[in-house]
Amino acid sequence: MVQAGFIGLGVMGQPMALNLARSGVPLVVWNRTADRCAPVAAAGARVADGPAEVFARAEVVLLMLADEPAVDTVLARGTPDFGARCRGRTVVQMGTMPAPYSAALAAEVEAAGGSYVEAPVSGSRGPAEAGTLVAMVSGGDVEHLRPLLAPMCSDIVDCGPVPGALLMKFAVNLHLITMVTGLAEAYSFAEAHKLDPAVLTRILAAGPMASQVSRAKAAKLLAGDFTVQAAALDVLKNNRLIAEAARAAGVASPLLDVCHALFGETVEQGHGAEDMAAVIRAIRTRTTNAPTPAPDRQPQL
């Protein structure tokens with residue numbers, strides 16, 4: 001069985017690595033905050049002293065990191081150690097990064113004698129815990145990686161050459177962001193009209209628009225429970241990356257642009273660590289601060 005490494009045990013990475021360890025995959029892990037490694041170690045993984053040990057021990061190294069500097073640091077990019085870490089290994093980049101960054105990294109890893117695979121996932125902490133994420137993969141030997149990704153993912157979809165997987169992830173997340181923002185606005189509208197939010201929740205759950213995501217976020221909005229599944233700050237970052245990719249392609253993104261502003265306001269109000277459903281806080285603030293239209297200036301449909 002392939003010896004795997006996993007670096008980055010955050011909100012998503014920890015349950016993903018746990019599922020790998022529990023499936024019996026020989027696993028070595030490292031995280032900057034060491035105590036995040038404990039549950040994975042209890043499931044049978046070896047905890048490395050640092051990224052260098054992960055690369056020394058593993059044939060395939062999965063990275064679930066927050067941003068480009070974090071990836072560059074664990075790969076020792078720009079230093080002589082970069083070649084030693086990548087040579088003869090498969091680097092699987094599972095975080096959400098700018099598409100041009102990923103394309104450049106792929107070229108460098110391959111020039112150093114390694115193999116590079118993009119494998120961003122669709123799903124939040126709940127699906128990560130359940131092992132039901134959807135992986136979008138590009139580059140490298142995708143078929144070789146399927147058995148390694150299977151304990152974490154219910155589906156693994158080949159998206160062609162790098163950076164196809166990240167661009168596909170952006171398309172998926174564009175739908176997610178606009179959908180959840182619209183759901184939050186619906187609850188804000190219901191509040192303003194003194195409608196029973198439990199009744200709204202029941203109708204939405206029973207109707208044709210219902211999905212796993214809508215039910216989960218509706219439950220959060222009903223309870224006012226913004227315990228993080230997908231953090232508002234991370235959604236803002238994703239929104240920015242998608243907007244940049246849209247601009248690069250000359251594609252209009254009017255709904256995304258409104259969401260970008262709302263998530264920016266959510267973070268500015270101090271709710272970046274809360275779940276993305278907390279975008280309703282920014283909508284409520286806008287409602288409170290909105291001027292009352294004059295009678296002859298009422299919006300027309």
Side-chain angles (χ1 to χ4, degrees), residues 10-12 64 66-67 94-99 101-102 118 120-128 132-136 157 159 163-190 200-201 204 209-222 224-287:
V11 170
M12 294 287 289
M64 191 63 174
D67 52 28
M94 303 190 77
T96 304
M97 306 286 163
Y101 168 84
S102 185
E118 279 180 350
V121 294
S122 178
S124 58
R125 188 172 66 183
T132 57
L133 296 166
V134 177
M136 293 151 276
V157 184
C159 296
L166 274 167
L167 292 172
M168 188 65 75
K169 171 72 183 291
F170 293 166
V172 170
N173 277 9
L174 196 160
H175 175 55
L176 170 68
I177 292 167
T178 55
M179 178 181 68
V180 173
T181 305
L183 185 67
E185 187 170 327
Y187 275 80
S188 178
F189 177 90
L200 174 61
T201 303
L204 290 174
M209 296 178 292
S211 67
Q212 289 182 1
V213 171
S214 71
R215 290 190 176 100
K217 299 308 180 188
K220 285 187 168 295
L221 290 162
L222 177 62
D225 169 21
F226 301 119
T227 305
V228 68
Q229 291 283 341
L233 182 60
D234 292 336
V235 173
L236 179 61
K237 171 201 165 184
N238 275 259
N239 203 315
R240 175 181 57 79
L241 293 177
I242 300 165
E244 289 171 356
R247 302 294 176 268
V251 178
S253 55
L255 295 180
L256 183 73
D257 295 343
V258 172
C259 295
H260 197 174
L262 285 166
F263 276 98
E265 292 162 25
T266 304
V267 171
E268 286 169 6
Q269 292 169 21
H271 306 297
E274 296 181 347
D275 188 77
M276 67 184 298
V279 71
I280 195 172
R281 298 189 188 277
I283 297 169
R284 286 170 176 159
T285 299
R286 285 198 185 192
T287 299

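Values reported hereafter were calculated over all heavy atoms of this structure, with side chains retained and with hydrogens, waters and symmetry mates removed.
Going from atom SG of C159 over to atom CD of E118 covers 9.0 Å, rounded to the nearest 0.5 Å. Taking CZ from F189 and CD1 from I283, the interatomic distance works out to 13.0 Å, rounded to the nearest 0.5 Å. Atom-to-atom distance recorded for L255:CG and L174:CG is 8.0 Å, nearest 0.5 angstrom. Residue K237 holds its NZ atom at 6.0 Å from CG of D67, rounded to the nearest 0.5 Å. Between the CG atom of L222 and the OH atom of Y187 there is a distance of 6.0 Å, given to the nearest 0.5 Å. The OG1 atom of T285 lies 7.0 Å from the NE2 atom of H271; values are rounded to the nearest 0.5 Å.
Closest approach of A282 to L262, counting heavy atoms only: CB-O, 3.5 Å. Minimum interatomic distance between L166 and S102 (heavy atoms only, all atoms of both residues): CD1-CB, 3.4 Å. Looking at every heavy atom in both residues, V279 comes nearest to A184 through CG1-CB, 3.6 Å. When all heavy atoms of L167 and A99 are compared, the pair lying nearest together is CD2-CB, 4.0 Å. Across every non-hydrogen atom of A66 and M97, the tightest pair is C-CE, 4.0 Å. Closest approach of P98 to L241, counting heavy atoms only: CG-CD2, 3.5 Å.
Every residue two or more places apart in sequence or in another chain that forms a salt bridge (Lys or Arg N to Asp or Glu O under 4.0 Å) with K217 is listed here: D275. Scored by the side-chain hydrogen bond (donor to acceptor under 3.5 Å, both in side chains) test, E268 finds no partners at all (sequence neighbours excluded). With sequence neighbours excluded, no residue forms a salt bridge (Lys or Arg N to Asp or Glu O under 4.0 Å) with E185. Take E265 and apply the side-chain hydrogen bond (donor to acceptor under 3.5 Å, both in side chains) test, not counting sequence neighbours, and it matches R286.
A heavy-atom distance below 4.5 Å is not found between the side chains of L204 and S214. Side chains of V213 and Q229 form no contact here, defined as non-hydrogen atoms less than 4.5 Å apart. Annotation: side chain of I242 is not in contact with side chain of H260 (no heavy-atom distance under 4.5 Å). Using a 4.5 Å heavy-atom cutoff, the side chains of E274 and R281 are in contact.
Sorted by first and then second residue, the pairs that involve residues 169-184 and meet side-chain hydrogen bond (donor to acceptor under 3.5 Å, both in side chains), not counting sequence neighbours, are T96-K169, N173-N238. Each salt bridge (Lys or Arg N to Asp or Glu O under 4.0 Å) pair with one or both residues in residues 241-253, not counting sequence neighbours, appears once here: R240-E244, R247-D257.
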Q) Could you walk me through whether V157 and M168 pass the side-chain contact (heavy atoms from CB on, under 4.5 Å) check? A) CA-CA 10 Å; V157 184; M168 188 65 75; over 6 Å; no

Q. Would F263 and L233 satisfy side-chain contact (heavy atoms from CB on, under 4.5 Å), going step by step from the backbone distance to the final call?
A. CA-CA 8 Å; F263 276 98; L233 182 60; over 6 Å; no

